[in-house]
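Hydrogens, waters and symmetry mates are skipped; everything else that's a heavy atom, side chains included, is used. In what follows, chains are A, B, ... by sequence order, proteins preceding strands, each numbered from 1.
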There are 2 protein chains.
Amino acid sequence: MDGEFEAYLSADGVDFGAADASLLRAIAERGSVNAAAAALGRSRARALARLDALEAAFGPLVERRRGGSGGGGSSLTGDAEALLARFERLRAALSGTAGAEETVLYGTVATATGELGYVDTAAGTVRALLVAPEPESPPVARGSRVQVSVRADAVTLHAPDDAPPAGGTSARNRFPGTVAGVDRGEAIVRVAVDVGGDGPLVALVTADSADGLAIEPGRSVVASFKATATRATAVEE
Amino acid sequence: MDGEFEAYLSADGVDFGAADASLLRAIAERGSVNAAAAALGRSRARALARLDALEAAFGPLVERRRGGSGGGGSSLTGDAEALLARFERLRAALSGTAGAEETVLYGTVATATGELGYVDTAAGTVRALLVAPEPESPPVARGSRVQVSVRADAVTLHAPDDAPPAGGTSARNRFPGTVAGVDRGEAIVRVAVDVGGDGPLVALVTADSADGLAIEPGRSVVASFKATATRATAVEE
DNA sequence: CATCGTTGTATCCATGCCGATACAACGCCG
DNA sequence: CGGCGTTGTATCGGCATGGATACAACGATG
């Protein structure tokens with residue numbers, strides 16, 4: 001997955017986004033809506049109105065005081081801190097530097113049992129969560145054409161003789177393959193594994209793990225990932 | 001993580017969201033912008049203008065023909081299909097029914113090495129990716145107060161005598177604990193594990209895995225999750 | 001050639017959001 | 001009591017977005 005994202009937390013038709021987070025942070029930092037708005041190049045009236053709208057949807061976020069020492073001021077509530085923390089987690093989950101890279105495999109749903117199904121792909125059969133296109137939509141059905149996404153950070157690499165057992169009751173997807181490429185960061189390593197599909201299966205592992213497995217191009221490995229960490233969504237034919 | 005989300009794919013200042021996806025899908029289904037707009041209760045002029053804007057940012061999405069058999073019509077390009085697939089993956093990654101639930105642990109960064117660090121939490125030391133607050137911000141520093149989020153779908157459960165080895169070169173975070181609660185779906189199971197922190201560590205596993213481990217309240221288990229699947233983001237004191 | 005139903009383009013009006021601005025109220029402080 | 005700097009509220013004008021509408025162009029079809 002490449003490109004950029006914007007994400008919002010939603011409640012009662014109000015979307016909390018990056019501009020709102022900036023406003024709350026500026027209030028915390030400067031202690032007043034007036035100074036925060038000025039620092040962000042926004043009008044105070046609009047900032048106050050936006051806070052009213054956000055509070056109607058997300059609960060009390062800013063305690064505001066007029067008069068008194070310093071002329072008045074504002075501070076964040078605990079609810080605001082929690083909301084900011086939630087927003088940060090959402091951003092972190094999506095941010096490109098935090099392992100949002102995915103391997104995408106195309107295939108057809110072979111069996112569907114409740115929320116889980118098996119998908120036949122070029123790389124082999126994958127067990128995955130079947131995600132409905134819309135919250136109220138019918139679930140993905142057997143025979144549907146789907147894309148299966150596997151996050152790089154959900155993939156574990158094993159030496160061939162140290163891998164989880166194939167088949168049986170193990171719920172892990174398991175693919176033997178050959179290391180095709182290695183990109184090293186300071187403490188994390190991106191490993192591309194050729195598992196016989198159209199493109200490589202990508203794993204994001206720590207440098208210790210990579211070293212412990214002596215990861216290098218040409219090395220045989222087994223890649224595994226949880227069924228519940230794997231999503232299948234419908235695509236057009 | 002609870003509540004609702006809205007997510008957008010961004011390029012060149014244009015955000016592709018649910019309404020845009022609905023428009024493209026309606027075009028594919030009805031074969032014309034006119035019919036699609038009418039079906040969605042939108043004006044044709046605005047729909048066409050929106051397509052122009054989207055195409056300026058994301059590339060050619062709709063092939064439009066005027067005159068001819070049927071009076072003309074429109075169809076999606078391959079780029080549009082790929083964009084829709086990407087948007088579906090984004091939605092699936094965030095959707096509540098697909099395992100986006102997280103355990104959040106608060107703690108302090110003890111060591112930081114490149115992108116990875118160790119965080120001291122009430123449940124014990126966690127190895128995690130340190131996510132900068134903003135793309136251009138300095139990384140999270142040692143001593144920082146952080147929230148550590150662990151997705152339920154990233155947590156693997158093991159019987160105590162079958163768990164990965166503690167310490168050494170293993171890159172997996174590892175927490176022995178006791179099953180505190182079990183919620184069963186048709187094919188997946190949400191398991192809350194008491195690991196000694198403020199709240200339970202939540203795991204989303206398949207029903208076979210849960211059965212294989214004889215998961216029930218009171219059962220001793222070991223929960224493990226990858227360092228690269230674990231994110232630490234800064235929070236206020 | 002006229003008709004049909006599409007796309008292409010332009011215009012109008014309504015609504016919502018936004019910054020700038022102004023007046024009012026508040027409570028501390030000198 | 002006046003001054004200060006904040007919050008509270010209201011108004012104005014500008015801009016963006018959106019639906020409704022209208023005219024023009026296109027190419028197959030009868």
Within the 4.5 Å heavy-atom criterion, are B:Leu51 and B:Leu23 side-chain neighbours or not?
yes
With a 4.5 Å limit on heavy-atom distance, are the side chains of B:Val148 and B:Thr103 in contact?
no
If I take atom CG in residue B:Asp20 and atom C1' in nucleotide D:dG18, what distance separates them, rounded to the nearest angstrom?
14 Å
What is the per-nucleotide protein-contact pattern of nucleotides 1-10 of chain C, from the 5' end, where B denotes a base atom under 4.0 Å from a protein heavy atom, S denotes such proximity for sugar-phosphate atoms only, and - denotes neither?
----BBBBBB
Round to a whole Å and report the spacing from CD1 of A:Ile27 to P of D:dT6.
13 Å
Would you mind reporting whether B:Arg151 and A:Arg151 have side-chain heavy atoms less than 4.5 Å apart?
yes
Minimum-distance nucleotide (side-chain atoms of B:Ser69 versus D:dA28, C:dC29, D:dA20):
D:dA28
Are any of the side-chain heavy atoms of B:Glu88 and A:Val235 separated by less than 4.5 Å?
no
Quick one: are B:Val182 and B:Val189 in side-chain contact, heavy atoms under 4.5 Å?
yes
If you take atom types as modelled and just measure distance, does the side chain of A:Arg46 reach the base of C:dG19 with a donor-acceptor pair under 3.5 Å?
yes
Are any of the side-chain heavy atoms of A:Arg190 and A:Glu101 separated by less than 4.5 Å?
yes
